[in-house]
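Indexing begins at 1, ligand by ligand and atom by atom, following the structure's order.
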Amino acid sequence: MLTPGSLASLGAVLGVSSHLGYFIHGEHHRQAVRLFTVLTTSPVAIFILISKLDEPASITFAAQKTAIAMLSYLASLIASILTYRIFFHPLRHFPGPFTAKLTKLSHVLRLLEKSDNYIQADQLHKEYGDVVRIGPNELSIKIPEIVPLIYGPGSKCSKIAWYDVVGLPNKSLQLERDRLTHDKRRKVWDRAFTLRDYESRVVGHASTLINQLQARSGHEVDASLWFNFYSFDVMGDLAFGRSFDMLISGKKHYGLEALQEGMAPLGIINPLPWAIPIFQALPQPAGIDQWVEFSNKQILARKKYTPENPDIMSWLIEAENGHTDPVASDPRWLWGDTRLVIVVGSDTTSSALTHIFYHLAKEPHIVSKLWAELELIYTPDARYLNGVINEALRLHPLVLSGLLRQTPPEGTMVGNTFILGGIRITVLAPTWSMGRLESCYESAEEFLPERWGERPELVLNKAVFMPFSLGTYSCIGKQLALMELRVVTARIVTQLDIAFAPGKDDTDLLEKTKDVFTLEVAPLGMVFSPRRK
Ligand code: HEM
């Protein structure tokens with residue numbers, strides 16, 4: 001006879017031992033769906049077992065006993081996890097909100113309202129100091145020296161579990177955690193970026209953008225949307241050999257809509273990598289399905305024709321067709337890299353452009369200095385123009401809350417503290433806050449392009465400036481992105497006057513932009529008009 005007491009004890013013992021024997025060791029995100037299925041179906045199995053073992057048992061009794069066994073298991077599992085996290089975890093001495101020590105769920109709940117992870121991280125640093133425990137297993141570290149240690153070439157830190165699950169079932173360059181495999185795939189991508197001349201194509205799209213802004217001269221336009229059209233069209237052309245023609249139609253392609261809806265849930269669920277596969281296994285919101293379908297369509301269509309001028313996909317498709325190397329020929333790479341190129345090739349530059357033009361509208365003296373420079377030269381060496389771009393990327397980085405990395409198995413130094421090896425800790429440098437560190441930038445909150453040119457003394461510690469990340473995993477599209485930004489900024493500034501639309505300022509942009517791993521940039525009402533000489 002199984003008494004309620006014996007079942008409760010058995011559940012409690014199993015709860016503690018499954019924590020200490022299994023959950024506390026290693027990573028379990030890849031098994032998340034299986035574990036979730038076991039957890040949700042085991043009450044039925046236990047019910048049947050109790051009914052058999054406990055004859056004659058009424059259904060009510062068997063149900064009660066099942067509930068006792070399950071609840072005592074879950075209660076003791078949770079109690080064991082929380083006790084460990086509060087009293088025994090290697091991060092227990094680091095300051096941070098009490099709820100963050102217990103669970104990352106509190107983090108997710110805080111994001112539900114505004115998806116403003118970077119602002120919340122900044123507030124936590126103001127409250128708790130330079131190193132904050134922002135999750136049971138996670139530290140946000142606002143110390144300049146940490147940047148090369150976590151991200152720099154030769155860093156022993158690796159990408160966290162999030163990278164494994166966010167693109168499932170596909171693979172992609174950015175999401176690959178194994179360094180050797182990543183390096184092999186990076187070589188395939190390198191061919192698409194080495195010595196390719198994409199500038200003339202970019203200039204064509206910039207001219208279309210300017211024509212459209214001229215056609216709307218004196219009227220309010222949502223600059224954020226038009227820069228999105230530009231970057232999406234450029235990405236379509238350079239990656240898939242065909243523009244999406246949004247600049248021509250002036251309308252949002254459903255692909256852009258799908259991308260934005262597909263990325264939105266990430267802003268909320270990101271802090272819980274184990275929950276991502278479970279979320280993906282459930283029926284997906286229409287937006288996400290549309291995003292996947294849109295992305296798949298691009299590569300299927302692209303495979304059917306060979307563009308006149310090679311595009312980024314030319315090299316990735318060639319690798320899939322021609323190689324015996326599994327890293328090149330596994331079709332999951334092409335599906336995943338297609339999604340990657342759509343995200344990183346479009347949202348990134350449009351976000352940077354929107355912030356550049358927000359600052360130009362706010363501080364007209366910068367525009368005058370740009371005119372002066374661009375009247376004399378327009379080359380990649382235009383120092384002030386490059387300074388404007390750097391300042392926008394410093395104050396409004398693409399990945400606002402920081403790139404998540406894992407400490408090596410042998411442990412690592414965090415500030416002055418050594419974190420023991422054996423358990424992998426997630427670490428990040430909060431990019432948005434780091435860009436505003438007074439110890440690294442003189443008058444850090446001010447937009448001062450000259451700090452990157454004629455007044456280098458305004459940069460006190462250049463090591464923290466890493467808008468394109470550093471080392472092995474740094475942005476492969478950096479030079480392309482900078483060229484896209486220079487081409488459009490130089491052309492608009494020399495041809496059009498720029499102002500905020502009447503009654504509009506920066507409020508929406510700064511308060512409504514969402515942190516969804518990259519940025520979902522809020523509208524920016526501006527007026528462009530022919531330049532008064
Ligand atoms: C202003 C524009 C851009 C910024 C600020 C930017 C920034 C970044 C950052 C921070 C990463 C590292 C992500 C991580 O470690 O998880 C990254 C990776 C990457 N970016 Fe960019 N990016 C920009 C534009 C582009 C463009 C236009 C492309 C080209 C299509 C591109 C392609 C990539 C790729 C493929 C990776 C993955 C590299 C790897 O893991 O080896 N990016 N980018």
Side-chain angles (χ1 to χ4, degrees), residues 147 150-153 155 157-160 162-164 166-167 171-193 196 198 201-202 205 227 230-240 266 270 311-313 315-316 327 333 336-356 386 388-406 428-429 431-432 434-435 465-489 517-519 521:
V147 169
I150 301 181
Y151 307 109
S155 165
C157 291
S158 53
K159 293 189 167 182
I160 64 152
W162 177 86
Y163 285 88
D164 262 346
V166 75
K171 298 179 133 303
S172 85
L173 177 67
Q174 187 215 0
L175 302 181
E176 181 53 53
R177 293 172 81 197
D178 176 70
R179 202 159 280 193
L180 284 178
T181 315
H182 173 271
D183 290 351
K184 279 190 185 176
R185 188 63 181 170
R186 178 112 178 175
K187 285 201 178 99
V188 176
W189 271 77
D190 268 338
R191 298 181 65 210
F193 287 91
R196 304 282 153 220
Y198 294 128
R201 289 153 82 171
V202 169
H205 296 290
F227 291 138
Y230 162 76
S231 60
F232 219 73
D233 278 1
V234 171
M235 180 273 297
D237 183 359
L238 301 192
F240 303 105
L266 275 186
N270 264 340
D311 55 24
I312 296 172
M313 281 297 150
W315 314 100
L316 306 191
V327 172
W333 283 103
D337 276 339
T338 297
R339 284 193 216 173
L340 173 62
V341 80
I342 296 173
V343 177
V344 294
S346 60
D347 267 3
T348 50
T349 36
S350 63
S351 147
L353 281 171
T354 306
H355 287 104
I356 289 172
N386 287 333
V388 166
I389 293 171
N390 279 356
E391 274 299 81
L393 292 174
R394 174 179 73 84
L395 288 170
H396 313 280
L398 176 73
V399 184
L400 292 161
S401 354
L403 297 162
L404 297 154
R405 299 291 185 256
Q406 236 174 21
L428 67 108
T431 327
W432 188 83
M434 301 285 283
F465 182 65
M466 44 159 275
F468 295 95
S469 191
L470 304 169
T472 319
Y473 301 118
S474 64
C475 178
I476 206 167
K478 176 178 173 183
Q479 295 310 330
L480 169 64
L482 289 174
M483 182 263 283
E484 282 184 49
L485 299 177
R486 277 194 295 263
V487 162
V488 166
T489 310
F517 179 66
T518 54
L519 289 180
V521 182

Has the side chain of [X] got a donor or acceptor atom that lies under 3.5 Å from a matching backbone atom of [Y]?
X    : Y    : answer
S155 : I150 : yes
R201 : V234 : no
S231 : T349 : no
Y151 : A429 : yes

Please work out, at 4.0 Å between heavy atoms, whether the side chain, the backbone, both, or neither of [X] comes within that distance of ligand 1.
X    : result
V344 : both
A239 : neither
K478 : neither
Q479 : neither
L173 : both
E176 : neither

Close-contact set for ligand 1 against [X] heavy atoms, below 4.0 Å:
X    : answer
I476 : 34 (C), 35 (C)
A481 : 2 (C), 24 (C)
Y163 : 14 (C), 15 (O), 16 (O)
R186 : 38 (C), 39 (C), 41 (O)
L403 : 13 (C), 14 (C), 15 (O), 16 (O)
W189 : 35 (C)

Applying a strict 4.0 Å limit to heavy atoms, is K159 in contact with ligand 1?
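For ligand 1, residue contact (heavy atoms, under 4.0 Å) with K159 is present.
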Whether M483 lies under 4.0 Å from ligand 1, heavy atom
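Per 4.0 Å heavy-atom rule, M483 does not contact ligand 1.
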Sequence neighbours excluded - salt bridge (charged side-chain N to carboxylate O under 4.0 Å, His left out) pairs with any residue from residues 390-400:
E391-R394, E391-R451
Candidates I342, V344, D347 - the one meeting side chain to side chain contact (heavy atoms under 4.5 Å, CB included) with M235:
I342
R405 to ligand 1: N or O pair under 3.5 Å?
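So ligand 1 has an N or O lying under 3.5 Å from an N or O of R405.
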N or O pair under 3.5 Å between Q174 and ligand 1
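There is such a contact, yes.
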Does any part of the side chain of M434, heavy atoms only, come nearer than 4.5 Å to the side chain of F465, both counted from C-beta?
no
State, with a plain yes or no, whether a side-chain heavy atom of K184 is found less than 4.5 Å away from one of V188.
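Not touching, per the 4.5 Å side-chain cut-off.
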Quick one: list whatever passes side chain to side chain donor-acceptor pair (under 3.5 Å) with D337, sequence neighbours left out.
R185, W189
Option of least heavy-atom distance to atom 40 (O) of ligand 1 (set: H396, E484, H182)
H182
Can you tell which of P397, P467, S351, S350 gets a heavy atom nearest to atom 5 (C) of ligand 1?
P467
Locate the shortest heavy-atom distance separating W333 from L173; write the atom from each residue and the value.
CZ3-N, 3.7 Å
Assign the ring pair Y473 / H182 to parallel, tilted or perpendicular, where the plane angle (0 to 90°) is split at 30° and 60°.
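Judged by the thresholds at 30° and 60°, the geometry between Y473 and H182 is perpendicular.
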